[in-house]
Amino acid sequence: MHVKLHLFVQVFTLVFFPTAIWFFLQVLSLTPINEWLLKGLQTVSCMPPPVSSAVILTKAVGGNEAAAIFNSAFGSFLGIVVTPMLLLLFLGSSSSVPFTSIFSQLFMTVVVPLIIGQIVRRYIKDWLERKKPPFGAISSCVLLMIIYTTFCDTFSNPNIDLDKFSLVVIVFIIFFIQLAFMLLTFLFSTSKNTGFTPADTVAIVFCSTHKSLTLGIPMLKIVFAGYEHLSLISVPLLIYHPAQILLGSVLVPTIKSWMLSRQKALKLTRQPKVPL
């Protein structure tokens, strides 16, 4: 029921993020950076939050894990509808895939497996709790396979025209964008009158700035089916995902230290003064 927090995360992720990147790219388009990599940055900005990484990092810090779980799940469902619309709005599509076909394919790829999983779980819940299958390891392996196969699809393309300068610059730009937006969300959520606790701030920082690769790659392949530059457009998303995990992991101790000290300070200020 923490509506203000959820609203901020979703608006920042799916409205402010892509809009800010669009303005940023208007400046970068004047540079010699590969234009398709720049368009790839725009696709990254349109992606919904990831299901796992933001939650894992929020939990590692000790932040509002419930808010992180809700926004990751809710954002993923919103992304099924909003992300294709944002991609077509900012980039357009040269493919002949009808709009209805895009949503039907995304529904079959994302929603149907989730519904089937929830139904099956009702009947094998006791067995799952007893046996405890290694779903975490399986999930990590599947994600690794998705990243690997996408890299193979991208760099095995004989027509790919990717210069080293553009690739290196894009890596630095991605880290800059992540740090800038993490700082922006941190400053806003810790400002006066927002009403967010330190634990809320942790969830906001991670959920607002992280982007989903597992939903992003299928979306790109569906929305831009037959697009000759799909390989180059996918590169920034392939870089952004490991970069957000790496950067988040490095910042966990610092953010955790800030959160604990902030919580302690707030606790002291709320304690009633003992009369002399």
Side-chain angles (χ1 to χ4, degrees), residues 2 4-25 27-28 40-72 74-76 78-79 83 86 169-192 194-216 236-263:
H2 203 336
K4 187 160 74 169
L5 187 153
H6 307 322
L7 187 63
F8 174 80
V9 170
Q10 300 306 325
V11 170
F12 188 94
T13 305
L14 296 171
V15 179
F16 178 81
F17 203 128
T19 305
I21 293 299
W22 185 83
F23 282 110
F24 185 43
L25 292 182
V27 177
L28 290 180
L41 279 177
Q42 187 69 69
T43 67
V44 170
S45 71
C46 298
M47 293 300 154
V51 177
S52 58
S53 63
V55 176
I56 292 168
L57 290 169
T58 301
K59 184 178 180 180
V61 173
N64 191 338
E65 189 182 351
I69 292 170
F70 176 83
N71 280 287
S72 295
F74 185 64
S76 295
L78 270 183
T83 296
L86 289 173
V169 171
I170 286 294
V171 171
F172 280 102
I173 289 173
I174 285 172
F175 275 100
F176 168 77
I177 289 171
Q178 286 191 34
L179 282 170
F181 281 175
M182 288 178 81
L183 179 61
L184 185 63
T185 53
F186 176 81
L187 291 174
F188 177 83
S189 60
T190 54
S191 60
K192 292 180 179 180
T194 56
F196 295 130
T197 66
D200 292 338
T201 295
V202 174
I204 288 170
V205 167
F206 288 126
C207 292
S208 300
T209 58
H210 281 212
K211 296 292 183 178
S212 177
L213 174 72
T214 47
L215 280 174
L237 183 58
L238 291 170
I239 297 170
Y240 195 96
H241 179 78
Q244 70 189 8
I245 295 173
L246 176 64
L247 190 60
S249 301
V250 169
L251 291 174
V252 160
T254 305
I255 297 174
K256 188 172 185 176
S257 176
W258 168 83
M259 188 191 76
L260 293 174
S261 62
R262 183 66 177 161
Q263 286 176 334

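Quantities reported herein were computed from a predicted structural model and do not represent experimental measurements.
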Can you name the residues that form a ring pair (Phe, Tyr, Trp, His ring centres under 6.0 Å) with F175, not counting sequence neighbours? none

Do I173 and L28 come close enough that some side-chain heavy atom pair is under 4.5 Å? yes

Can you measure from CG (L41) to CG (L25) and round to the nearest 0.5 angstrom? 6.0 Å

Check step by step if side-chain contact (heavy atoms from CB on, under 4.5 Å) holds for S257 and T254. CA-CA 5 Å; S257 176; T254 305; 5.9 Å; no

Contact between H241 and K211 at the side-chain level, heavy atoms closer than 4.5 Å - yes or no? no

When the ring planes of F24 and F176 are compared, do they come out parallel, tilted or perpendicular, using 30° and 60° as the limits? tilted

Parallel, tilted or perpendicular, as decided by the 30° and 60° cut-offs, for the rings of F12 and F181: perpendicular

Is there a donor-acceptor contact under 3.5 Å linking the side chains of Q42 and S45? yes

Tell me whether the rings of F70 and H6 are parallel (<30°), tilted (30 to 60°) or perpendicular (>60°). tilted

Pairwise distance CZ(F8) to CG(D200) - rounded to 0.5 angstrom: 11.5 Å

Inter-residue atom distance L246.CG - L251.CG, 0.5 Å rounding: 9.5 Å

Which pair of heavy atoms, one from S189 and one from F196, lies closest together, and at what distance? O-CB, 3.6 Å

Determine, for F206 and K59, whether the Lys NZ or Arg CZ falls below 6.0 Å from the six-membered ring centre while staying within 45 degrees of the axis. no

Got a second to check how far I170's CD1 is from I239's CD1, nearest 0.5 Å? 7.0 Å

The side chain to side chain contact (heavy atoms under 4.5 Å, CB included) partner of N71 among N64, I204, L5, V55 is L5

Looking only at heavy atoms, the pair that brings M47 and T13 closest together is O-CG2, 3.9 Å

Identify which one of S72, P49, S53, P48 satisfies the side chain to side chain contact (heavy atoms under 4.5 Å, CB included) criterion when paired with H210. S53

Determine the minimum heavy-atom distance between L238 and P242, stating which atoms define it. O-CD, 2.9 Å

Where F188 and T194 come nearest, the two heavy atoms and their spacing: O-CG2, 3.2 Å

Mind checking whether T209 and Q244 have side chains closer than 4.5 Å, heavy atoms only? no

Do S249 and L57 pass the side-chain contact (heavy atoms from CB on, under 4.5 Å) test, and can you show the C-alpha distance, the side-chain angles, and the key distance before you say yes or no? CA-CA 7 Å; S249 301; L57 290 169; 4.1 Å; yes

Partner residues of F186 under the side-chain contact (heavy atoms from CB on, under 4.5 Å) criterion, sequence neighbours left out: T190, T201, V205, W258

Mind checking the CD1-CZ spacing from I255 to R262? Nearest 0.5 Å is all I need. 15.5 Å

Nearest atoms (heavy-atom pairs only) where P18 meets L86: CG-CD1, 4.2 Å

Spatial distance of atom CD1 (I245) from atom OH (Y240) [nearest 0.5 Å]: 11.5 Å

To check you understand the geometry: which heavy-atom pair defines the closest contact between T58 and A203, and what is its length? OG1-CA, 3.9 Å

